[in-house]
Amino acid sequence: MLESSMSVGSGFFAGREAIREVLRAFNLEELEDHPSVSSSAEYEKKKETLRSLLLDHFKLDSPDELFFVVYATDIAPTISGGDGRNTTPEWARVDRKQRFVSLAPLVFHAAFTLKDSTALRALRTSLGGLAAQISSLCVGQDESRSRVGKKVTASTSVLCLGGSLFGVEDYRKLLLEELQLLGYSFPHVVFVSDAAQEGALGLAKLFG
């Protein structure tokens with residue numbers, strides 16, 4: 001569900017996993033004979049959660065309607081009302097990739113400001129793949145030196161991160177926690193806000 005072959009970034013994965021987690025929680029609640037108070041529609045209206053933020057963003061009434069957002073065509077047909085107005089929902093006027101990407105600020109707000117457990121779980125899941133890729137390039141401090149090859153030792157290396165999302169310190173911390181769960185700890189982490197500028201300055205310093 002919710003797979004894509006498009007070239008995507010961290011914002012896309014954060015939004016995709018957020019929808020997955022909200023739908024997963026909703027499905028579990030639907031299986032309960034007596035849903036908890038926190039899952040009731042009235043509760044959702046009063047309390048700001050990742051679920052309520054997503055529903056409000058897409059102007060939906062129930063989490064199961066998120067399926068329409070996910071699977072609607074990239075260019076939805078224009079439906080004009082009797083007065084000639086475009087009645088196509090705003091989210092349907094953008095491609096599917098952008099629907100996911102647009103959720104990143106909401107997911108971050110829910111995770112780091114509201115401390116919403118569903119949002120935090122979504123971000124951890126979205127970072128899991130990146131953590132696995134980084135770990136594949138590293139060896140742990142206790143691993144055999146014969147396995148090193150061209151890999152780097154995490155405990156003596158600097159982890160450089162770029163991209164707008166990693167400008168958020170709490171997000172960087174989540175990645176480091178995921179790496180630690182895999183057995184890799186970096187003593188130094190650097191966020192590069194402008195790779196082109198940093199590269200130019202580095203070259204100027206090297207040859208200046």
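These numbers come from the heavy atoms of this one structure, side chains and all, not from hydrogens, waters or symmetry mates.
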Return the set of residues passing side-chain contact (heavy atoms from CB on, under 4.5 Å) with Leu182 (not counting sequence neighbours), or none when no residue passes.
-> Ala131, Ser135, Tyr184
Can Tyr71 be reached from Phe100 by stepping across I, L, V, M, F, W or Y side chains whose heavy atoms are under 4.5 Å apart?
-> yes
Among Ile, Leu, Val, Met, Phe, Trp and Tyr joined by side-chain contacts under 4.5 Å, find the other residues sharing a cluster with Phe207 and list them by chain and number.
-> Leu203, Leu206
Contact list for residues 56-69, test side chain to side chain donor-acceptor pair (under 3.5 Å), sequence neighbours left out | His57-Ser102, Ser62-Asp64
Distance-only, no hydrogens or angles: does the Arg99 side chain make a donor-acceptor pair with backbone N or O of Trp91 under 3.5 Å?
-> yes
May I ask you to check whether over 12 heavy atoms, not counting those of Lys205, lie within 6.0 Å of atom NZ?
-> no
Rounded distance (nearest 0.5 Å) linking atom CG of Leu176 with atom CD1 of Ile134 | 8.5 Å
Would a 4.5 Å heavy-atom cut-off, applied to side chains only, mark Gln180 and Ser185 as touching?
-> yes
Residues forming a side-chain contact (heavy atoms from CB on, under 4.5 Å) with Ala111, sequence neighbours excluded | Ala119, Leu120, Leu123
Report whether Leu165 and Val168 are members of the same hydrophobic cluster (ILVMFWY, side-chain heavy atoms less than 4.5 Å apart, transitive linking).
-> yes
side-chain contact (heavy atoms from CB on, under 4.5 Å) with Val101: which residues, sequence neighbours excluded?
-> Phe12, Lys97, Gln98
Heavy-atom side-chain proximity of Val107 to Leu53 below 4.5 angstrom = no
Which atom pair, heavy atoms only, marks the closest approach of Arg96 to Val70?
-> CD-O, 3.2 Å
Listed pairs under 3.5 Å, donor-acceptor, residues 188-197 side chains, sequence neighbours left out:
| residue | atom | partner | partner atom | Å |
| --- | --- | --- | --- | --- |
| Asp194 | OD1 | Ala196 | N | 3.3 |
| Asp194 | OD1 | Gln197 | N | 3.0 |

Phe58 with Phe26, same ILVMFWY side-chain cluster at under 4.5 Å | no
Tell me, do Ile19 and Phe67 make a side-chain contact under 4.5 Å, heavy atoms counted?
-> no
For Phe108, enumerate each residue passing the ring-ring contact (aromatic ring centres under 6.0 Å, His included) test, keeping only those at least two apart in sequence or located in another chain.
-> Phe112, Tyr171
Heavy-atom donor-acceptor pair, Thr113 side chain to Ala110 backbone, under 3.5 Å | no
Which distance, rounded to the nearest 0.5 Å, do you find between the CZ of Arg51 and the CG of Leu23?
-> 9.0 Å
Roughly how far, to the nearest 0.5 Å, is CG of Leu179 from CG of Leu174?
-> 11.0 Å
Which residues satisfy the side-chain contact (heavy atoms from CB on, under 4.5 Å) test with Ser157, sequence neighbours excluded?
-> Val152, Phe186
How many angstroms lie between CG in Leu114 and CG in Leu50, if you round to the nearest 0.5 Å?
-> 9.0 Å
Any Asn27 side-chain heavy atom under 4.5 Å of Leu31 side chain = no
Val22 and its side-chain contact (heavy atoms from CB on, under 4.5 Å) partner, picked from Leu55, Leu54, Thr49 | Leu54
The complete set of salt bridge (Lys or Arg N to Asp or Glu O under 4.0 Å) pairs with one or both residues in residues 118-137, sequence neighbours excluded, reads Glu21-Arg121, Arg124-Glu177, Arg124-Glu178
Between CZ on residue Arg16 and OG1 on residue Thr125, distance to nearest 0.5 Å = 10.0 Å
Any side-chain heavy atom of Leu130 sitting closer than 4.5 Å to one from Phe166?
-> yes
Between Ala154 and Pro187, the two heavy atoms sitting closest are O-CD, 3.3 Å
